[in-house]
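In what follows, a single structure is set out as structure tokens and then discussed.
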Amino acid sequence: MSGDHGHKDSQVNSGSKASDSHKHKDKEHRHKDHKKDKEREKSKHSSNSQHREHSEKKHKDKEREKVKHSVDSSSDKHRDKPREDKERRKEDKIKSSHVDKPKKEKENGYANPPAVKSEPDEDNGFYPSPKHHKSSKREYDDEEFEYKPKKVKTENDKKSKKRKQEYDDDNEDEDIKPKKKIKDKRGADGKKSKKEEEEKWKWWEEERATDGSKWRFLEHKGPVFAPAYEPLPAKVRFDYDGKHMKLSPPAEEVATFFAKMLDHEYTTKEMFRKNFYKDWRREMTPEEKSKITDLNKCNFNDMSEYFKAQSEARKQMSKEEKQKNKEENEKVLQEYGFCVMDNHKERIGNFRIEPPGLFRGRGDHPKMGMLKRRIRPEDIIINCSKDSKHPKPPPGTRWKEVRHDNKVTWLVSWTENIQGSIKYIMLNPSSRIKGEKDWQKYETARRLKKCVDRLRSGYRDDWKSKEMRIRQRAVALYFIDKLALRAGNEKEEGETADTVGCCSLRVEHINLHSKMDDQEYVVEFDFLGKDSIRYYNKIPVEKRVFKNLQLFLENKQPEDDLFDRLNTSILNKHLQELMDGLTAKVFRTYNASITLQQQLKELTCPEDSLPAKILSYNRANRAVAILCNHQRAPPKTFEKSMQNLQTKIDEKQSQLSVARKQVKSAKADHKASHDDRSKKTVELKRKAVQRIEEQLMKLQMQATDREENKQIALGTSKLNYLDPRISVAWCKKYDITIEKIYNKTQREKFAWAIDMAELDYEF
DNA sequence: CTTATCACTTAGAATCTGATAT
DNA sequence: ATATCAGATTCTAAGTGATAAG
């Protein structure tokens, strides 16, 4: 498929993920009666360790001998391990400082384990990441009361020169900001200048707080509530058992939620119907309850038709009406869509409270169809600073609470009734508070890059450990690193769909094949991950991993945990010891970003046309999306849109042949007449051919891109996993405008990267 | 330790919008 | 002008991981 264009990099080529396997809708896949009750779990472990005494195979015995469960061996771990690590690291450094790595070197290759370490030895990060040094993190050296944008933090020499020009204006900044803030609400002039300044605010050139506080001043208008329910016009019918029935407003409202989803597959699902019906009944009057006893006898069709007509009517609205609507929205946005945080007006991400409706859980969710209740002001907790103008609850209501907690970033929260979890209103990704965190995330991943070889040889050693828990940890980490699996927290059973990540993999999720086709030691993964997206992959592993997996599987039932002595908390604790700030998810970020960087190097030809370069970029992006298993349902209009494109290509092709003929005849003309005029015509026609060729090329690129992208979602990795500076640098290197790869929203989110990355940026 | 809670990031689908084709 | 479509935007569910509580 797409990403593999002859690169030998293991992240990209690892395994053979069936690209056609996406959503797993079948129920069989999920075992319903998987009871993970703790008692059973525990007893299993103890019996496990007993069982392990009688053996079948010789080499297994040997394996077993080496591995004792931690119960008896927790104290006999190798004491000298840390020292070893240190030594190794030193050695690596020495080597690497002399061996200049060729640019091409794969940064994360497993294929050839680190004979020579290749990381550049530039340890001092060029900006002080707060996560970096825990020690300094929580001390706040400048005084609480004054928020002064200070000069840019100490920078590494090589970077500083290019940043220098930009931060000379500290003082100016400082003066402008308060003024600007006051001016805010005023007329055109104030607004305009404010806008420009705000857009240009370079928070990344300012100091970050080093205590735990997230802000010093926060003022906002509170949330926008869902519009109140408007009862249906009398003519809209609801029929029960063939007879018209007028529902009470509360029951009717919930019925409309169902009616609006009638065309959706959800409403055919047993679980959905059951949950909906149960919650619906609770909204009914006693009479309704006694009359309505069977959901199957309910006819929502007329209601459904009514809503369809409504949305149709909305589409048919006149331009003026639409315009008016738009302005209305804009007004709400201006009023509620922004807040003031530390002297800057910032965009809020989701300022509207989620309207009531039926819960749409993904995959086989036990709660799908339940009523998501309406949120009232009394449910709302407001967070803002004490000295701000507090948001007002709607007339006649009050907030649940107003608090002033600057250790958190949210402005509004409420508790949702399906899972009992808390929902938040937070800032937009373009905000300082999100941007800083994002930047920091990539810096942590870059620190991982510097020590990943050490870590890798560490976990390889651990495959041989005497302790079961350490072996499990090491194999799990190998999967997380090599396959970019998620950590896999435990989930409460019965509350959510049955999905897993690495640490929560069960025996039934893998199959071992000591021989498969022409490969040895193949592990076949088949499980549902986040959002119930299927992960299917066959991947050859090292013999030692394979043997370990066999060991982990011994005496277990399909529904038992593969890594019974491991969970995310243990794993992350371990990772934290290996590197400050390291957690399982950092590997995903690291591997995604490093893969993009490599792929871009490999796939981009400097002499390619612009569309070809864009295709290369998308292919690099796609390689990452495949690695991270970011799938999507093929768009409903996919086939059609491919056809449309093909039609265009055909057209262009015939245009091209026409144009070519014209060149020929023009040439003939010129030969005959030899005059200037005909010569000009030849040139003109040639140009036309060239232009059409280019256009054709572009269309073909587009078609290829789209085809390859049929069920792969690029957005998630682009937005969450790829260090934007890699992309910015790539654009600069090949003289491609940033707009070609980032749309407006993305440019806003990545403003920091666009501003700071130069063409030589290395992740 | 285990479990619960909280805050925050990551995720695909649904919906909207505005450009382009008819 | 209107319909269609693709890309942008919104929506909110579902993860991760830190920390508090038991």
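Every value quoted in this text rests on a predicted model; they were computed, and no experiment measured them. Naming: A, B, ... by sequence-line order, numbering from 1 per chain.
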Within less than 4.0 Å of OP1 or OP2 of [N], is there a side-chain N or O belonging to [X]?
| X | N | value |
| --- | --- | --- |
| Lys423(A) | dA13(C) | yes |
| Thr499(A) | dA14(C) | no |
| Thr409(A) | dC8(B) | yes |
| His630(A) | dT10(B) | no |
| Asn350(A) | dC11(C) | no |
| Lys434(A) | dT9(B) | yes |
| Asn489(A) | dT16(C) | yes |

Side chains of [X] and [Y]: donor-acceptor distance under 3.5 Å anywhere?
| X | Y | answer |
| --- | --- | --- |
| Gln655(A) | Glu651(A) | no |
| Glu436(A) | Gln440(A) | no |
| Asn406(A) | Arg216(A) | no |
| Arg588(A) | Tyr721(A) | yes |
| Thr409(A) | Tyr424(A) | no |
| Lys491(A) | Thr499(A) | yes |

From [options], nucleotide with atom closest to [X] side chain:
| X | options | answer |
| --- | --- | --- |
| His365(A) | dA14(C), dC5(C), dC6(B) | dA14(C) |
| Ala487(A) | dA13(C), dA7(B), dT16(C) | dT16(C) |
| Trp410(A) | dG12(B), dC8(B), dT10(C) | dC8(B) |
| Arg588(A) | dA18(C), dT9(B), dA11(B) | dA11(B) |
| Ala584(A) | dC6(B), dG17(C), dA11(B) | dG17(C) |
| Thr716(A) | dA7(B), dG15(C), dG12(B) | dG12(B) |
| Asn572(A) | dA14(B), dC8(B), dA18(C) | dA18(C) |
| Arg706(A) | dG7(C), dC8(B), dA11(B) | dG7(C) |
| Ile422(A) | dA7(B), dA14(C), dG17(C) | dA7(B) |
| Phe359(A) | dT16(C), dC8(B), dA13(C) | dA13(C) |

Just call it for [X]: base, sugar-phosphate, or nothing, with non-hydrogen atoms closer than 4.0 Å on any strand.
| X | result |
| --- | --- |
| Gly349(A) | nothing |
| Gly361(A) | sugar-phosphate |
| Lys372(A) | sugar-phosphate |
| Pro429(A) | nothing |
| Arg486(A) | sugar-phosphate |
| Ser421(A) | nothing |
| Gly501(A) | nothing |
| Lys214(A) | sugar-phosphate |

Angle between the two end axes of the helix from dC1(B)-dG22(C) to dT22(B)-dA1(C), five base pairs per end, rounded to 10 degrees?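 Taking five pairs per end, the axes differ by 10°.
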Closest-nucleotide ordering on DNA chain B, the 5'-leading residue of Tyr721(A) and Arg360(A): Tyr721(A)
Taking the nucleotide of DNA chain B with the nearest heavy atom to each, does Ser569(A) or Leu719(A) sit closer to the 5' end?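 Per heavy-atom nearest nucleotide, the more 5' residue is Ser569(A).
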Does [atom1] in [X] sit with more than 12 non-hydrogen atoms of other residues, nucleotides or ligands closer than 6.0 Å?
| X | atom1 | value |
| --- | --- | --- |
| Lys407(A) | NZ | yes |
| Lys698(A) | NZ | no |
| Lys324(A) | NZ | no |

Starting at [atom1] of [X] and ending at [atom2] of [N], how long is that distance when rounded to a whole Å?
| X | N | atom1 | atom2 | answer |
| --- | --- | --- | --- | --- |
| Tyr424(A) | dT5(B) | OH | P | 12 Å |
| Gln702(A) | dC5(C) | CD | P | 15 Å |
| Gln419(A) | dT5(B) | CD | P | 13 Å |

Please write out the pairs of protein N or O atoms and N or O atoms of nucleotides 18-22 of chain B separated by less than 3.5 Å, giving the distance to one decimal.
residue	atom	partner	partner atom	Å
dG18(B)	OP1	Lys326(A)	NZ	3.3

Do Lys530(A) and dT10(B) have a side chain to base donor-acceptor pair shorter than 3.5 Å?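 Side chain to base: pair present.
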For Ile425(A), which of Tyr336(A), Trp410(A), Trp414(A) qualifies under side-chain contact (heavy atoms from CB on, under 4.5 Å)?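 Considering Tyr336(A), Trp410(A), Trp414(A), a side-chain contact (heavy atoms from CB on, under 4.5 Å) with Ile425(A) is found only for Trp414(A).
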Who passes side-chain hydrogen bond (donor to acceptor under 3.5 Å, both in side chains) against Glu321(A), sequence neighbours left out?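 Testing Glu321(A) for side-chain hydrogen bond (donor to acceptor under 3.5 Å, both in side chains), a comparison that skips the adjacent residues, returns Ser318(A).
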Judged by nearest nucleotide, the residue sitting upstream toward the 5' end of DNA chain C, Arg352(A) or Asn743(A), is Asn743(A)
salt_bridge(Glu708(A), Arg619(A)) N-O dist < 4.0 Å: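 Looking at Glu708(A) and Arg619(A), the cut-off is met.
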